[in-house]
Amino acid sequence: MSLTKPELLQAYRKMYEIRAFEERLHLENTGGDIPGFIHLYTGEEAIAVGVCENLTPQDYIGSTHRGHGHCIAKGCDIRGMMAEIFGKETGLCRGKGGSMHIADLEQGMLGANAIVGGAPPLVIGASLTAKTLGNKGVGVSFTGDGGSNQGLVFEAMNMAVVLQLPTIFIFENNGFGEATGHDYAVGGRNITRRAEGFGMPAVRVDGVDFFAVYEAVKEAVQRAREGGGPTAIEAMAYRWHGHFEGDPMLYRAEGEVERLRAEKDPLKIFRSKTRKQLSDAELDAIETEVNALVDEAVSKAKADPYPPAENVLTDVYASY
Amino acid sequence: MSLTKPELLQAYRKMYEIRAFEERLHLENTGGDIPGFIHLYTGEEAIAVGVCENLTPQDYIGSTHRGHGHCIAKGCDIRGMMAEIFGKETGLCRGKGGSMHIADLEQGMLGANAIVGGAPPLVIGASLTAKTLGNKGVGVSFTGDGGSNQGLVFEAMNMAVVLQLPTIFIFENNGFGEATGHDYAVGGRNITRRAEGFGMPAVRVDGVDFFAVYEAVKEAVQRAREGGGPTAIEAMAYRWHGHFEGDPMLYRAEGEVERLRAEKDPLKIFRSKTRKQLSDAELDAIETEVNALVDEAVSKAKADPYPPAENVLTDVYASY
Amino acid sequence: MAIKTYREAVKEALAQEMERDERVVLIGEDVRGGQAGTASPEKLATIEAFGGVLGVTKGLWTQFGSSRVIDTPITESAIVGMAAGAAMTGLRPVAELMFMDFFGVCYDMIYNQAAKFRYMFGGKAKTPLVMRGMIGAGFSAAAQHSQSPYNIFGSTPGVKVVVPSSPYDVKGLLIQSIRDEDPVIFCEHKALYELKGEVPEHAYTIPLGVANYTREGTDVTIIALSAMVHKANAVADKLLKEGISVEVVDPRTVSPLDEEGILESVASTGRVVIVDESSARFGFAHDVAALIASQAFHHLKAPIVLITPPHTPVPFSPPLEQAWIPSVERIEAAVRKLMEA
Amino acid sequence: MAIKTYREAVKEALAQEMERDERVVLIGEDVRGGQAGTASPEKLATIEAFGGVLGVTKGLWTQFGSSRVIDTPITESAIVGMAAGAAMTGLRPVAELMFMDFFGVCYDMIYNQAAKFRYMFGGKAKTPLVMRGMIGAGFSAAAQHSQSPYNIFGSTPGVKVVVPSSPYDVKGLLIQSIRDEDPVIFCEHKALYELKGEVPEHAYTIPLGVANYTREGTDVTIIALSAMVHKANAVADKLLKEGISVEVVDPRTVSPLDEEGILESVASTGRVVIVDESSARFGFAHDVAALIASQAFHHLKAPIVLITPPHTPVPFSPPLEQAWIPSVERIEAAVRKLMEA
Ligand SMILES: Cc1ncc(C[n+]2csc(CCOP(=O)(O)OP(=O)(O)O)c2C)c(N)n1
Ligand SMILES: Cc1ncc(C[n+]2csc(CCOP(=O)(O)OP(=O)(O)O)c2C)c(N)n1
Ligand SMILES: [Mg+2]
Ligand SMILES: [Mg+2]
């Protein structure tokens with residue numbers, strides 16, 4: 001294992017931040033305080049963190065409608081995210097974006113994106129910037145199994161291969177796009193092989209295992225930084241909640257989610273794989289800290305003011 | 001060889017019709033009589049005819065900007081085509097479409113299409129009709145090597161696999177999209193392999209050999225009619241003229257086209273492969289007939305009237 | 001007459017047309033919903049987990065089966081293109097785009113294809129396709145899920161554009177749209193799905209291009225579409241008590257447009273307010289204002305008033321979004337001002 | 001001052017900005033042209049076979065090399081999306097769409113992405129991207145290669161839209177567009193590429209949102225864009241000899257729009273003709289007519305006249321296409337009629 005103890009602790013912290021953030025949102029949303037649509041990332045934490053622990057703030061990621069995990073992993077401020085999701089002036093996008101549009105360019109986060117398949121074309125652009133400026137940066141796009149069928153995504157893969165861009169295409173295969181299984185929607189039933197057809201290395205990894213994701217991405221990032229072009233990585237994982245909050249998941253086996261929570265929990269798996277390096281006490285302490293942070297983020301977000309109505313006309317060139 | 005003598009004669013006639021039509025257009029265009037853009041199909045005749053000799057009028061094809069060959073092969077009237085290209089009232093589309101929009105639904109020709117990659121999504125629709133009505137029809141789309149990189153095409157392939165539609169995706173790899181070589185633009189440099197990644201059988205064939213195309217398409221059509229789903233076929237061929245009439249082809253080797261005309265002429269190759277079944281005299285007679293037909297088509301097209309200006313308001317629901 | 005929601009009316013229109021004409025098929029993402037799930041095979045063989053994200057088509061798969069209710073991957077160009085190709089060759093597909101905001105990933109299949117076939121092929125093709133989808137702000141669905149691009153659709157020749165405001169209208173117009181020989185873009189406002197109203201049981205049609213006067217009046221004409229009609233009606237009802245007589249014209253279809261129906265009302269009132277959620281520029285309000293300024297100029301007693309959102313994306317935060325959407329207050333103020341002028 | 005064509009002016013703007021700022025890159029199909037050809041390696045290493053289909057960018061690859069002049073596959077969503085992503089992260093890309101008619105295959109990358117980032121991300125992003133492409137009918141390029149969808153672009157908040165009519169304007173506006181921090185859609189009319197005019201050698205800018213009065217007059221205001229400006233000028237020149245004084249206002253940019261510049265002219269003449277190639281519905285003519293009917297109503301002496309194409313696709317055959325395009329004759333007749341009214 002190539003990671004130091006502080007790195008391992010950091011990885012766990014990030015994963016737990018996502019977990020605590022999302023599970024709290026689930027509760028808050030049930031309470032009815034949150035405007036708009038919410039898509040939770042719980043169960044897929046190892047992907048976002050396994051990817052982003054390989055990146056620096058000079059690297060860029062582009063995300064999906066299910067973007068909270070990517071934001072947290074890439075370093076977005078949790079308070080700013082929570083305030084954004086609650087629609088407050090103090091939010092990362094000053095309340096204008098919401099859950100599906102959280103962005104933080106200073107952290108290299110190009111935005112959640114509510115257009116399925118929207119990120120890959122943008123991310124190859126960030127990769128082009130890195131290549132043109134010669135700064136060794138990379139761009140990473142996240143796309144779901146459902147999104148993997150979108151024309152935008154295929155075009156971006158082809159372009160990245162043609163221009164040999166430093167891009168990593170992460171496919172988060174959580175089994176479903178809304179209520180439709182990946183086995184139905186993905187022609188050939190194999191996102192990895194389809195990506196390979198575009199002429200780049202592609203691997204499938206266990207997306208609930210932080211280490212599997214981390215190592216595959218590490219290799220891809222290194223290749224990209226060295227001018228070796230793009231890579232596709234399909235990370236197999238599971239969505240614990242509904243497509244959006246409110247989906248009763250009629251299409252899933254009874255007891256499936258309970259089983260996943262028991263057997264496929266990225267955090268539990270991480271704990272068991274790091275038993276030799278990290279103690280439960282250390283990890284529990286992190287959880288306590290993070291819980292407090294999320295509590296604070298929620299109370300702050302609730303207390304913070306909404307943006308004033310006149311802000312509807314700011315951040316745009318038109319004054320009418 | 002599974003083809004009867006009348007079938008062979010018919011195939012040669014169709015290929016020669018295309019050849020004569022296109023070479024005549026080349027001349028007429030130089031004369032300056034033809035409005036708009038012209039893209040010639042010369043050199044690729046074996047593909048259109050190798051495909052369409054497997055089809056009936058109940059099968060549909062969707063074409064490209066370089067569509068004259070497909071139209072002729074699918075049975076469009078040469079006089080109506082010529083008149084259309086000259087912008088005359090007697091044209092197949094009454095002068096409203098022109099070279100890039102010739103269509104004839106009665107012949108199962110869904111239209112040339114000036115949007116690169118435009119045909120495949122439409123053709124899967126025709127295939128869906130056939131599947132839904134259970135009439136054993138198939139849909140065939142033509143796309144160039146350049147067009148093979150368009151998102152529309154990937155989406156159509158994926159959909160055809162998911163719904164197991166009776167579609168054949170023909171990729172005419174003539175080496176170039178405009179001035180850009182296929183080796184540059186096609187990620188992975190292999191259209192066939194990329195199509196395979198979508199989960200369908202895919203083969204590459206020699207596109208200047210009528211028989212190679214014919215046999216591959218035959219198998220694909222049979223599979224499609226029997227409910228076996230889509231197939232992709234990449235036919236390797238050569239474009240003899242510029243991308244459009246007027247392109248000086250700076251990007252091509254000196255003498256290349258002359259060499260192709262000598263060595264890769266689909267008509268010559270057909271003649272040499274059918275030496276045992278067909279006599280030169282028989283084939284020459286066909287050429288003479290076709291030449292007369294094309295002559296007639298051109299004189300008629302020139303003599304025919306333009307549509308009256310008030311036709312600008314017909315064939316559309318609005319009256320202003 | 002039975003009272004039904006707008007959502008039920010949409011579904012009833014689909015069901016009745018599918019029953020009447022087996023060439024009518026539904027195509028879209030999760031229009032059934034639940035394919036290849038992890039539930040037991042028996043359960044999967046019966047459920048419609050989604051029936052469209054808003055449950056509009058729920059029940060149709062059970063009734064018509066997988067060859068008529070076709071779930072697709074997330075691949076809008078292929079959905080709309082497939083529908084167009086199927087329409088040219090003998091089916092009458094109803095493609096669902098879910099949110100009309102997604103038109104940007106697939107509009108070529110309407111703009112350069114379906115909309116043009118009939119004309120471009122010299123009258124030799126028909127493309128009887130309906131593309132359904134949601135429009136409208138008000139749910140904090142944010143910038144990419146709250147738009148109303150019927151103005152963009154309306155600028156495309158060859159395509160018809162329908163934007164119904166009531167359960168009665170949505171059923172009659174959808175049936176008509178499915179029977180129409182031209183491609184139709186059918187815009188359902190999210191805020192209306194729960195709206196209830198009288199809807200006859202039987203299949204009926206409302207012709208495209210005929211406006212509905214939802215209020216009759218003599219002082220001011222308000223022209224409004226979709227969710228905005230109800231705001232206009234509220235203003236009309238309120239002001240009537242004060243003796244201001246407001247006529248509300250709901251054109252119902254953006255294209256074809258009932259120009260006469262609009263101009264007649266303008267001729268009788270001479271004062272015009274147009275309320276439009278589509279855009280601050282190049283919107284429905286502008287299109288209708290231009291019609292009036294060129295065709296009914298001499299009837300006008302005062303400037304035409306346009307009430308639109310600002311020229312900005314739709315903001316997420318509820319107070320910003322409320323400031324963005326044309327409000328009853330703005331409409332009322334505009335009418336009052338016109339009466340003073 | 002040197003006389004140059006519109007085409008040369010475009011290229012000069014690109015070259016000068018690329019020289020000044022190395023973050024400016026060109027992206028598009030065959031913007032160089034000739035990659036992986038069959039010519040000898042030596043020849044391929046030097047030629048720009050196309051330089052864009054109309055030769056506009058020819059010479060730039062030789063000057064700036066492959067990392068600044070980037071040939072792409074035929075993949076417009078990836079071209080425009082890549083440009084948007086590059087713009088957010090530090091480059092200033094100029095993406096070429098070749099024909100603006102192709103917007104339908106890639107518009108999401110403008111409509112829901114580039115145009116919205118600044119607003120949707122609370123002011124924390126800029127997307128200094130230019131999307132260039134051709135518009136316009138007149139070449140029998142038929143229904144899918146002759147359109148002018150600047151009305152659709154103009155209805156999208158967050159994006160700026162430029163539609164220049166002269167060599168002088170096209171250079172100054174393109175340089176300004178490249179330096180602008182917002183995404184700009186830059187529409188070049190095919191019929192203008194050979195037009196000659198005075199173009200200074202040095203780099204200069206023309207601000208976006210400032211109209212140009214190409215003719216000054218007192219009787220009638222004609223508002224026109226792009227190729228239509230020249231038709232309006234011709235009518236003005238002809239009628240001046242008869243004592244009819246026509247003012248021609250070329251807004252030059254559709255968005256932002258010089259509302260004051262338009263309204264001032266209307267205030268002085270009271271008679272308005274708007275000539276617009278974009279669309280018979282929801283077009284630029286409608287947008288401007290609405291502006292005038294709401295803001296300058298009391299100055300109007302007569303109905304606003306809109307001269308647009310019919311609400312049909314662009315037909316191929318030359319006589320049909322000529323009947324489709326707004327003509328000098330129609331403009332002249334409209335002005336005469338206004339003077340009689
Ligand atoms: C272009 C587009 N089409 C459809 C949708 C509606 N939609 C939102 S999320 C989603 C499913 C995405 O599935 P997947 O890519 O697997 O991501 P997951 O939700 O599983 O993370 C769909 C269809 C959209 N937002 N954008
Ligand atoms: C969407 C779209 N993008 C670009 C073009 C411009 N264009 C027309 S033909 C062509 C090249 C097509 O190459 P290929 O698909 O290989 O077909 P070929 O011309 O070789 O037959 C291009 C780029 C277009 N018409 N449509
Ligand atoms: Mg998924
Ligand atoms: Mg080619």
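These numbers come from a predicted model, not from an experiment. Throughout, a chain's letter reflects where its sequence line sits, starting with A, and its residues are numbered from 1.
- Interface remark: C/Leu291 contributes no atoms to any contact with chain D (heavy atom separation under 4.5 Å).
- Heavy atoms closer than 4.5 Å to chain C are found in the side chain of D/Ser279, but not in its backbone.
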Requested in this report: Could you go through the salt bridge (charged side-chain N to carboxylate O under 4.0 Å, His left out) check for D/Arg336 and D/Glu332 one step at a time?
Outcome: CA-CA 6 Å; D/Arg336 285 187 193 283; D/Glu332 184 184 329; 2.9 Å; yes
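- With 3.5 Å as the limit, one finds no donor-acceptor pair spanning the side chains of D/Asp101 and D/Gln144.
- Surrounding NZ of D/Lys126 are at most 12 heavy atoms belonging to other residues, nucleotides or ligands under 6.0 Å away.
- Heavy atoms closer than 4.5 Å to chain C are found in both the backbone and the side chain of D/Ser255.
- Heavy atoms closer than 4.5 Å to chain D are found nowhere in C/Phe316, neither backbone nor side chain.
- Ring geometry for D/Phe103 against C/Tyr107 counts as tilted: the plane angle lies between 30° and 60°, on a 0 to 90° scale.
- Contacts with chain C were tallied for D/Pro310, D/Ala290, D/Pro303, D/Pro309; D/Pro303 has the most, counting heavy-atom pairs under 4.5 Å.
- Highest contact tally toward chain C, considering only D/His286, D/Met120, D/Gln113, is held by D/His286 [criterion: heavy-atom pairs under 4.5 Å].
- There is no contact between D/Ser77 and chain C, counting heavy-atom distances below 4.5 Å.
- Contacts between D/Ala302 and chain C at a heavy-atom distance below 4.5 Å involve the backbone alone (N, CA, C, O).
- Counting only distance, with no hydrogens or angles, the side chain of D/Thr269 and the backbone of D/Arg271 share a donor-acceptor pair below 3.5 Å.
- Open room surrounds CD on C/Glu260; 12 or fewer heavy atoms of other groups in view lie less than 6.0 Å from it.
- Of all the listed residues (D/Ser294, D/Pro315, D/Ala289), the one sharing the greatest number of non-hydrogen pairs under 4.5 Å with chain C is D/Ser294.
- Across every non-hydrogen atom of D/Ala143 and C/Asn112, the tightest pair is O-OD1, 4.2 Å.
- C/Met134 approaches C/Val53 most closely through the heavy-atom pair CE-CG2, 4.0 Å.
- Proximity of a side-chain donor or acceptor of C/Ser317 to a complementary backbone N or O of C/Leu320 within less than 3.5 Å is not detected.
- Your options are D/Thr156, D/Ile152, D/Asp287, and the one with the most heavy-atom pairs under 4.5 Å with chain C is D/Asp287.
- Between chain C and the options D/Val105, D/Asn151, D/Leu306, the largest number of non-hydrogen pairs under 4.5 Å is found for D/Asn151.
- Among D/Leu257, D/Val288, D/Ile110, D/Ile274, the residue making the largest number of heavy-atom pairs under 4.5 Å with chain C is D/Leu257.
- Both the backbone and the side chain of D/Leu300 come within less than 4.5 Å of a heavy atom in chain C.
- Contacts of C/Val254 with chain D are made by both backbone and side-chain atoms, with heavy-atom separations under 4.5 Å.
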